[in-house]
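One structure is given below, encoded as structure tokens.
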There are 2 protein chains.
Amino acid sequence: MPQQQKLSAMSKCEQCIVREFSALKALNKDELIRMSECKTAKTIKKGAVIFEEGQHVNGVFCIKDGVCKMTKLSPNGKEQIVKLVKKGELLGQRSMISDEPANLSAVALEDMQVCFVPKSDLIGFFNQNNKFSMNMMKSICGDLKDADDLMVDMALKTVKERLAHTLIYLADTLGTNPDQTLKLQLSREELASMIGTATESCIRLLSEFKKLGYIELSGKNISISNKKALQAVANH
Amino acid sequence: MPQQQKLSAMSKCEQCIVREFSALKALNKDELIRMSECKTAKTIKKGAVIFEEGQHVNGVFCIKDGVCKMTKLSPNGKEQIVKLVKKGELLGQRSMISDEPANLSAVALEDMQVCFVPKSDLIGFFNQNNKFSMNMMKSICGDLKDADDLMVDMALKTVKERLAHTLIYLADTLGTNPDQTLKLQLSREELASMIGTATESCIRLLSEFKKLGYIELSGKNISISNKKALQAVANH
DNA sequence: ATAATAATATGATATTTATCATATAAAGTC
DNA sequence: GACTTTATATGATAAATATCATATTATTAT
């Protein structure tokens, strides 16, 4: 039963690649074995909601595979993508640590494999492993820096600059396929809601970049053909 | 020598009001006494730079009195105010915890009284007092939530909405004088750089709010005369 | 396959916001 | 106090962006 075997291997945190990333890398073998026992593995289909703004999460999701978007709804019903979270990263820490309902919704952009670790168990690790707490704090500090930077970009950069920047970010952070297209496929609406603009404006600027020879478009696939030029747009 | 006495009282963390706010409230009397010995009290004049983007801070400033702005310079030289930090709050934690140069500059908006606590001493408190670490983490999580929310506001709200929101925020968070004017006096340029717009646009919208009877202006003094109306503008 | 639906694309126009110009008022400086 | 500089204010205009309309192309469902 190779299928069964695979599932059994999957369930051991001490053998999971994800343990080498995020704050989890501070956990020792014993702690990882303990985590194996308290975690719940889940498969999440593309488009499914992992948790929603306002919901109590009460634990952390550890992303083994896939990417999700963190979004917030404005009073007038528009959705803003605040950040993307990918393989190797954690989800829901802020809400868990603050003991507050989630501030953002998490929605899968691809099929995902995640493990849920309940708060009670994590608090145990916090108390007995200082390096783990410290790592978690550093990781949240990184998120804070990113959020501040993004806020400044929103305030000071034009939509065109933000689109150029976002395309480079998508290529650098989430990678490209052998044919150079971005691995993560976003709808134009999603791309627009990452950069904070109307879908039509986003489409128009993509067309413009295409005409200038900076990118290529075919359906949902986007590839960067002149990264230097895009970078120049992004930085001024 | 009442003056001398006052100074001596000021130097004891265990008697400082600020200890009741921020993550410091988790420290016990012994720890506060220890902190008194390692801290350095400083007076900072309005307009003075506390630390600058890119600088290594290597500790935390504890604000006993006054307000400062945290700013970031864009590549094209424009300054964005990312947040205000006031009495009772800490300054420089993110940079210290991440072990990175400061991401933002801190500039006094009023005369300030602050105490600097070196990193080495704080790390000691982190290691021996779990509640302190946890409080610090919660406080940074709060900052992260604020940053995310601000980012969404920048992306989805108009300049008018952001100005209305900011005026209410200034009144609620930093208070008003007996004559109803906002306690914190910002230049039009600073107000504009909080909401992420051109100074002229900010001035124009202030005039508009004045004409509508929402606010009153006299020099640098701003007072809110119709909070409900402003709130309505801010929320839609 | 074909119809129905949703996503992408592009034009026309309105709105918002920035920029440039200039006037007035306030605050520092000698 | 007169002068200089800086901040505030407002008009005129340009640029950026949103909105509405409509076509075209993909996707999905039957």
Side-chain angles (χ1 to χ4, degrees), chain A residues 45-47 74-81 109 153-167 181-182 184-212 215-223 233-234 236, chain B residues 45-47 74-81 109 153-167 181-182 184-212 215-223 233-234 236:
Chain A
K45 285 260 169 245
K46 177 174 173 170
S74 81
N76 60 68
K78 271 194 185 173
E79 174 187 291
Q80 175 67 20
I81 297 182
L109 289 174
D153 280 356
M154 285 291 174
L156 298 179
K157 287 190 170 171
T158 63
V159 174
K160 194 186 287 187
E161 289 164 354
R162 267 140 54 200
L163 175 59
H165 181 266
T166 300
L167 291 174
T181 57
L182 297 180
L184 182 70
Q185 286 198 350
L186 293 171
S187 69
R188 301 293 191 257
E189 193 179 2
E190 283 169 330
L191 192 53
S193 109
M194 274 192 81
I195 66 180
T197 191
T199 307
E200 297 95 318
S201 301
C202 174
I203 290 173
R204 243 181 272 275
L205 289 169
L206 283 174
S207 300
E208 191 183 326
F209 285 164
K210 184 185 173 183
K211 269 178 203 146
L212 290 165
I215 63 172
E216 270 166 73
L217 301 172
S218 86
K220 273 200 173 32
N221 287 314
I222 302 176
S223 60
V233 171
H236 193 264
Chain B
K45 285 258 168 248
K46 176 174 174 171
S74 81
N76 60 67
K78 271 195 183 170
E79 174 186 291
Q80 175 66 22
I81 296 182
L109 289 173
D153 281 356
M154 285 291 173
L156 297 179
K157 289 189 169 171
T158 64
V159 173
K160 193 186 287 186
E161 288 163 354
R162 267 141 53 201
L163 175 60
H165 181 265
T166 301
L167 291 173
T181 57
L182 298 180
L184 181 70
Q185 286 198 350
L186 293 171
S187 69
R188 301 293 190 257
E189 193 179 2
E190 283 170 329
L191 192 53
S193 108
M194 274 192 81
I195 65 180
T197 192
T199 308
E200 297 96 318
S201 302
C202 175
I203 290 173
R204 244 180 272 274
L205 288 169
L206 283 173
S207 300
E208 191 183 326
F209 284 164
K210 184 185 174 182
K211 269 178 202 145
L212 288 165
I215 62 174
E216 270 166 73
L217 301 172
S218 87
K220 272 198 173 32
N221 287 315
I222 301 176
S223 60
V233 171
H236 194 265

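Lettering follows sequence order; numbering is per chain, from 1. Everything numeric here is computed off the predicted structure, so don't read it as measured data.
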| said: How many whole angstroms separate atom NZ of Lys160(B) from atom C1' of dT17(D)? | reply: 16 Å
| field | Separation of dA18(C) C1' from Glu189(B) CD (nearest whole Å) | value | 15 Å
| remark: Separation of dA15(D) atom P from Leu205(A) atom CG, nearest Å, is 17 Å
| task | Rounded to the nearest angstrom, tell me the gap between atom CG in Leu217(B) and atom C1' in dT8(D). | result | 10 Å
| Side chain of Arg188(B) (C-beta onward), nearest among dT8(D), dT10(D), dT19(D) | dT8(D)
| request: Just compare dT17(D), dA18(C), dA9(C) and give me whichever is closest to any side-chain atom of Ser201(B). | output: dA18(C)
| task | Would you check if Leu191(B) and Ile203(B) make a side-chain contact, meaning some heavy-atom pair closer than 4.5 Å? | result | no
| dT8(C) phosphate, OP1 or OP2: any side-chain N/O from Lys220(A) under 4.0 angstrom? | yes
| request: Look at the side chain of Arg204(B) and the base of dT19(C), then say whether one donor and one acceptor between them are separated by less than 3.5 Å. | output: yes
| Short question: side chain of Lys160(B), backbone of Leu205(B) - any donor-acceptor pair under 3.5 Å? | no
| field | Of the listed nucleotides dA9(D), dT8(C), dT17(C), the one nearest the side chain of Ile203(A) | value | dT8(C)
| Start at the 5' end of DNA chain C and walk down; is the nucleotide closest to Ala155(A) or to Lys211(A) reached first? | Lys211(A)
| Counting side-chain heavy atoms from CB outward, which of dA9(D), dT10(C), dA7(D) is closest to Glu200(A)? | dT10(C)
| task | For a side chain to side chain contact (heavy atoms under 4.5 Å, CB included) with Arg162(B), tell me which candidate from Ile195(B), Leu156(B), Val233(B), Leu167(B) qualifies. | result | Ile195(B)
| Does a side-chain heavy-atom distance below 4.5 Å link Ile222(A) with Arg188(A)? | yes
| query | Would you say Lys78(A) reaches dT19(D)'s phosphate, i.e. side-chain N/O to OP1/OP2 under 4.0 Å? | reply | yes
| request: With heavy atoms under 4.0 Å as the rule, sort Thr199(A) into base, sugar-phosphate or nothing. | output: nothing
| field | Nearest-Å distance for atom pair CD1/C1', residues Ile222(A) and dA7(C) | value | 13 Å
| said: Tell me the interatomic distance from Lys157(A), atom NZ, to dA18(C), atom C1', rounded to whole angstroms. | reply: 18 Å
| d(CG, Leu191(A); P, dA9(C)) in whole Å | 11 Å
| query | Under 4.0 angstrom, heavy atoms only, what part of the nucleic acid is Lys210(A) near: base, sugar-phosphate, or nothing? | reply | nothing
| field | Where Glu190(B) and Gln185(B) come nearest, the two heavy atoms and their spacing | value | OE1-O, 4.5 Å
| query | Asn221(B) has an atom CG; how far is it from atom P of dT8(D), in whole Å? | reply | 12 Å
